There are 2 protein chains.
Amino acid sequence: MKRRDFGQYCGLARALELVGERWALLIVRDLTIRPRRYTDLQAGLPGIPTNVLATRLKELEQAGVVERRVAPAPQRGVVYALTPVGQELEPALLALGRWGAAQLGDPQPGDHVSAEGVTLNLRAAFRPAEAEGVTASFEIHARDIVLHAVLTDGKLESGVGPAPGKPDLTITAQIADDELASYRAIIRAAKCGLVDLAGRRELLETFLKVFTPARPAS
Amino acid sequence: MKRRDFGQYCGLARALELVGERWALLIVRDLTIRPRRYTDLQAGLPGIPTNVLATRLKELEQAGVVERRVAPAPQRGVVYALTPVGQELEPALLALGRWGAAQLGDPQPGDHVSAEGVTLNLRAAFRPAEAEGVTASFEIHARDIVLHAVLTDGKLESGVGPAPGKPDLTITAQIADDELASYRAIIRAAKCGLVDLAGRRELLETFLKVFTPARPAS
DNA sequence: CTGCATCCACTTTGATACTG
DNA sequence: CAGTATCAAAGTGGATGCAG
């Protein structure tokens with residue numbers, strides 16, 4: 001059942017042994033946003049075979065990255081969440097995501113976007129230096145995706161779904177019917193003014209400064 | 001020949017499609033230190049099947065991460081090196097390596113350490129905040145491994161082999177015969193004073209401050 | 001309906017041998 | 001030195017089954 005390890009006493013090799021297998025880091029990505037049920041994970045990872053998902057969850061649990069919780073009274077069921085060790089993967093996830101985002105070409109037909117993916121890309125694009133001292137809350141809508149980003153004195157809290165309170169600015173990206181509601185598409189729309197704004201419209205400029213990725217990748 | 005992609009338009013998914021396959025990031029790690037020949041890579045990656053190495057190198061070249069150079073006159077042969085795109089993977093490698101280093105237990109019998117692995121771990125353990133303004137050069141010896149770390153006004157240059165000039169401090173870790181010359185073992189030896197020092201001995205303290213990983217992992 | 005387990009065709013990996 | 005060839009074993013993707 002255990003895949004052979006790399007035989008190297010090295011941090012990178014260890015990391016790859018623990019979370020380097022196919023689909024593993026995408027599962028961790030989805031759990032980074034919030035705990036999820038088995039079926040939520042399946043829905044967010046289109047194409048993952050159910051047995052692979054089950055296997056990965058067991059391996060990640062074994063590795064101490066993921067925790068399996070049996071939800072009690074309210075809505076019984078199984079919930080998967082990151083352990084503290086798993087949460088510490090986020091810097092690595094963001095670094096990899098940043099690099100990968102720069103290598104993204106155009107979306108392939110059939111490509112999928114999830115709110116989790118968009119949120120990760122937003123976090124990866126976050127520039128603390130530009131956000132210094134900024135306090136503002138944003139809610140972003142793109143087709144059926146909704147996420148929020150709350151800046152409190154330069155600190156970012158972000159996640160899927162509407163903002164906790166009333167957002168200072170709500171950005172609704174105009175996404176064509178044949179276009180993916182990807183992070184890139186949202187930023188592109190915002191840059192071109194193809195957005196509906198509600199609230200303090202002047203904050204759009206701030207949003208773009210704080211959340212625009214380094215290189216729009218050509 | 002192409003492995004199915006993840007069907008997500010997301011930076012992380014893209015990164016995993018490009019460098020997420022088995023052995024790929026370890027190959028990139030070795031090339032991060034310096035360009036290498038096919039047989040060097042084989043030697044540094046104990047256990048990698050030769051056909052897998054050949055396949056990965058082709059895929060990484062295809063992905064624009066690795067460049068295959070046919071060395072000209074001096075010592076003819078093939079050399080693999082990272083492209084600029086590949087070099088930009090280093091932050092992600094360090095982040096993953098840092099996380100993995102925190103999850104390292106004790107070395108398993110049969111584990112291997114390479115100078116490249118130790119160098120990566122040293123880079124991952126580097127704390128710019130502690131190095132602020134520091135200028136000093138170190139050469140580290142542990143059994144048959146030699147590497148150097150040169151700080152110039154807080155900026156780090158490091159690699160395998162002896163330091164470019166005469167190092168300010170040469171640290172020779174006393175590693176038991178049955179112990180791996182891993183980064184962890186080197187730091188442990190340095191902390192316990194089990195080192196031979198040559199040069200400005202008082203710099204050992206600086207070295208430890210600048211290069212000690214956050215959590216020795218219990 | 002959720003949360004998997006099983007089965008099977010197919011692909012990738014690992015180990016070894018061999019070649020220009 | 002720099003790979004290619006071959007083949008068994010393991011892993012993956014897809015479909016389906018099934019208990020709570």
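Letters A, B, ... are given to chains in the order of the sequence lines, protein chains preceding strands, and every chain is numbered from 1. This structure is a prediction, so every number in the text was calculated from the model and none was measured.
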Which side-chain N or O atoms in residues 35-42 of chain B pair as donor and acceptor under 3.5 Å with protein atoms at least two apart or in another chain?
| unit_1 | atom_1 | unit_2 | atom_2 | d |
| --- | --- | --- | --- | --- |
| B:Arg36 | NH1 | B:Glu116 | OE1 | 3.4 |
| B:Arg36 | NH1 | B:Glu116 | OE2 | 2.6 |
| B:Tyr38 | OH | B:Thr50 | O | 2.7 |
| B:Tyr38 | OH | B:Thr50 | OG1 | 2.8 |
| B:Asp40 | OD2 | B:Arg37 | N | 3.0 |

Could you check how far [atom1] of [X] sits from [atom2] of [N], rounded to whole Å?
| X | N | atom1 | atom2 | answer |
| --- | --- | --- | --- | --- |
| A:Ile27 | D:dT12 | CD1 | C1' | 13 Å |
| B:Arg37 | D:dG3 | CZ | C1' | 14 Å |
| B:Gln42 | C:dG14 | CD | P | 14 Å |
| A:Glu59 | D:dA10 | CD | C1' | 13 Å |
| A:Leu41 | C:dT2 | CG | C1' | 13 Å |
| A:Glu17 | D:dG11 | CD | C1' | 17 Å |
| B:Leu57 | D:dT4 | CG | P | 10 Å |
| A:Glu21 | D:dG13 | CD | C1' | 15 Å |

SB check [X] [Y] (cutoff 4.0 Å):
| X | Y | value |
| --- | --- | --- |
| B:Glu67 | B:Arg69 | yes |
| A:Lys58 | A:Glu61 | no |
| A:Arg98 | B:Glu88 | no |

**Message:** Taking the axis from the first five pairs and the axis from the last five, what angle separates them in the helix from C:dC1-D:dG20 to C:dG20-D:dC1, rounded to 10 degrees?
**Reply:**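 Rounded value for the end-axis angle: 30°.
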**Item:** Which residues share a ring pair (Phe, Tyr, Trp, His ring centres under 6.0 Å) with B:Phe126, sequence neighbours left out
**Value:** B:Phe211
**Closest nucleotide among C:dT13, D:dA2, C:dG3 to the B:Val52 side chain** =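 Shortest atom-to-atom distance from the side chain points to C:dT13.
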Between [X] and [N], is there a side-chain N or O to OP1/OP2 distance below 4.0 Å?
| X | N | result |
| --- | --- | --- |
| B:Tyr80 | D:dC1 | no |
| A:Lys58 | C:dG3 | no |
| A:Arg22 | C:dT11 | no |
| B:Trp23 | C:dT12 | no |
| B:Arg56 | C:dG14 | no |

**Item:** Backbone N/O of B:Ile140 and side chain of B:His148: donor-acceptor pair under 3.5 Å
**Value:**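 Answer holds: no.
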**Asked** Which residue pairs pass the ring-ring contact (aromatic ring centres under 6.0 Å, His included) test when at least one of the two sits in residues 39-64 of chain A, sequence neighbours left out?
**Response** none
**Reading 5' to 3' through nucleotides 15-20 of chain C, protein heavy-atom contacts under 4.0 Å coded B for base, S for sugar-phosphate only, - for none** = BBB---
**Request:** Specify the closest pair of heavy atoms between B:Tyr80 and B:Leu31, including all atoms of both residues, with the distance to one decimal.
**Result:** O-CD2, 3.4 Å
Donor-acceptor list for residues 170-180 of chain B side chains, cut-off 3.5 Å, not counting sequence neighbours:
| unit_1 | atom_1 | unit_2 | atom_2 | d |
| --- | --- | --- | --- | --- |
| B:Gln174 | NE2 | B:Asp196 | OD1 | 3.1 |
| B:Glu179 | OE1 | B:Ala176 | N | 3.4 |
| B:Glu179 | OE2 | B:Arg188 | NH1 | 3.0 |

